[in-house]
A.B. asks: 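Below are the structure tokens for one structure; questions will follow.
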There are 2 protein chains.
Amino acid sequence: MATGSAMSWTDDEGNHDGAPGRSGDSSRRLVEAAVEAFADRGYHATTTRDIATRVGLSPAALYVHFPSKQALLTEISVVGHEAALDLVERSVTGPGSAMTRLRAAIRAFTAWHAERHRVARVVQHELAALAPEHRDRVLGMRRRIEGAVEAQLVAGNASGEMDVPDPRAVARALLSLSVDVARWYDPRGSRTAAEIGELYADLAARMVCARPDQAGNEGDRT
Amino acid sequence: MATGSAMSWTDDEGNHDGAPGRSGDSSRRLVEAAVEAFADRGYHATTTRDIATRVGLSPAALYVHFPSKQALLTEISVVGHEAALDLVERSVTGPGSAMTRLRAAIRAFTAWHAERHRVARVVQHELAALAPEHRDRVLGMRRRIEGAVEAQLVAGNASGEMDVPDPRAVARALLSLSVDVARWYDPRGSRTAAEIGELYADLAARMVCARPDQAGNEGDRT
DNA sequence: GTCTATACGATGATAGAC
DNA sequence: GTCTATCATCGTATAGAC
């Protein structure tokens with residue numbers, strides 16, 4: 001957690017008190033408002049007035065909860081990267097062959113970028129806006145994600161179920177494909193986040209499979 | 001062309017006069033500086049002073065050549081979209097089967113997003129910063145690009161050389177994969193733009209091919 | 001914790017001389 | 001076509017009352 005000041009903003013749980021439309025947790029609501037604003041208009045185009053006003057607070061009230069606009073971005077980026085990394089690491093340490101694990105990782109990573117596309121947009125498109133010290137921390141997590149996927153490709157080559165001439169480049173391509181979902185995904189579209197995750201797992205399997213007849217799932221679609 | 005005021009800024013041709021480091025064409029140099037700045041820092045984070053200073057001009061001089069910062073972005077976005085659309089349309093009207101045409105389109109579109117990654121970043125990541133009237137124009141070009149790729153998938157299904165259950169979704173995925181190259185491509189990396197284009201054409205073929213043994217090229221790699 | 005008021009630098013754009 | 005000087009506004013952040 002970046003600051004500990006807004007523990008559970010990643011969860012979409014309901015309000016904890018009785019007031020409708022008002023949770024009482026201003027920190028969490030400020031983060032949620034910042035995610036919306038940063039995702040829609042970009043970090044630099046978003047003003048602290050924007051964020052505070054969305055929550056129904058004065059501009060000054062923001063600074064009671066966060067020391068700066070930068071701190072809000074850092075919170076969102078770090079927590080978001082932690083969530084994405086966690087998804088991938090759970091998938092690649094789960095049961096099954098390298099192909100099964102790769103499919104699970106792509107399925108979960110992709111669905112997250114669709115389901116949480118606003119957070120994902122901030123995570124993926126505002127790296128350059130992060131302060132250098134936080135950017136380094138986040139880049140480490142990104143390397144772990146790429147390494148986890150690349151390891152499945154190497155394992156799949158070794159077992160013979162995959163045929164990937166350049167695992168590093170293909171790992172980057174697979175993750176890039178998933179990441180870009182956050183750029184174009186619209187929840188009003190015809191496909192659910194889970195459906196896109198499944199489609200992308202299929203595409204990934206076809207991209208790496210040694211014998212294309214087996215690119216389909218292995219009974220692991222739930 | 002958006003304004004006609006900077007006809008050939010997309011070309012990387014040398015200076016036309018004898019002065020070293022000084023082309024004399026301030027409009028073109030301003031567009032190039034704006035591309036660099038917008039790509040590195042984003043449209044909203046870039047100041048008109050930034051752009052003018054990079055060219056060695058005063059802030060006011062910019063307004064002799066462009067009526068606003070918005071006009072600079074519009075010029076870059078429209079010309080960039082025209083270039084990308086042209087590449088794809090040339091590829092899909094070229095010789096060969098649907099697979100050959102698809103490979104050519106992905107190869108060219110991907111290589112462009114690597115080779116011209118700064119322009120491409122502006123084109124792909126600053127859509128929301130465009131004024132509504134210009135955004136509409138650009139969205140039309142984007143639909144034509146998606147339509148051209150989708151048409152190859154439909155044709156490939158019909159001829160039997162492809163097996164694509166959802167041509168629209170897969171067309172979007174293929175283009176998304178290529179577009180995202182602009183986000184991460186670094187010319188200092190180990191692969192050239194052309195190599196990435198070729199790799200992505202291979203990946204695309206594997207994603208859509210009916211019989212995977214033929215996912216490789218058909219002698220069309222030049 | 002929230003408000004009103006405000007400091008103060010940066011920003012897009014303009015005026016007018018050369 | 002470029003410059004210097006400047007304007008009006010916006011944006012982050014702070015001060016101090018309640």
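Quick note: numbers below take in every heavy atom, side chains included, and nothing from hydrogens, waters or symmetry partners. This one's a predicted model, so the numbers in the text were calculated from it and none came from an experiment. First the proteins, then the strands, lettered A, B, ... as listed; each starts at 1.
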A.B. asks: How long is the line joining NE2 of B/His65 and C1' of C/dA13, in whole Å?
C.D. replies: 16 Å
A.B. asks: Select base, sugar-phosphate, or nothing to describe what A/Ala61 touches, counting heavy atoms under 4.0 Å on all strands.
C.D. replies: sugar-phosphate
A.B. asks: Does A/His44 place a side-chain N or O at less than 4.0 Å from the phosphate oxygens OP1/OP2 of D/dG11?
C.D. replies: no
A.B. asks: Does a side-chain N or O of B/Thr48 approach OP1 or OP2 of C/dG12 to a distance below 4.0 Å, or not?
C.D. replies: yes
A.B. asks: Starting the side chain at C-beta, find the nucleotide from D/dC3, D/dT14, C/dC3 nearest to A/Tyr63.
C.D. replies: D/dT14
A.B. asks: Find the distance A/Tyr43:OH to D/dG11:C1' and express it as a whole number of Å.
C.D. replies: 12 Å
A.B. asks: Verify the distance criterion only: is there a donor paired with an acceptor across the side chains of B/His65 and B/Ser27 at less than 3.5 Å?
C.D. replies: yes
A.B. asks: Counting heavy atoms from C-beta on, name the nucleotide in D/dT2, C/dC3, C/dG12 closest to the side chain of B/Val64.
C.D. replies: D/dT2
A.B. asks: Over how many whole Å does the gap from B/Arg49 atom CZ to C/dA13 atom C1' extend?
C.D. replies: 9 Å
A.B. asks: Does a donor on one side chain sit under 3.5 Å from an acceptor on the other, for B/Gln124 and B/Arg142?
C.D. replies: yes
A.B. asks: Return the 5'-most residue of the pair A/Ala45, B/Ala60 with respect to DNA chain D, ranking by each residue's nearest nucleotide.
C.D. replies: B/Ala60
A.B. asks: Once you round to the nearest 0.5 Å, how far does OH of A/Tyr43 lie from CD of A/Gln70?
C.D. replies: 4.0 Å
A.B. asks: Looking at every strand, decide which applies to A/Thr47 at a 4.0 Å heavy-atom threshold: base, sugar-phosphate, or nothing.
C.D. replies: sugar-phosphate
A.B. asks: Verify the contact: side-chain N or O of B/Ser68 to OP1 or OP2 of C/dG12, cut-off strictly under 4.0 Å; return yes or no.
C.D. replies: no
A.B. asks: In whole Å, what is the span from the CG atom of B/Asp50 to the P atom of C/dT11?
C.D. replies: 7 Å
A.B. asks: Look up atom OG1 in B/Thr100 and atom CD in B/Gln152, then write down how far apart they are to the nearest 0.5 Å.
C.D. replies: 10.0 Å
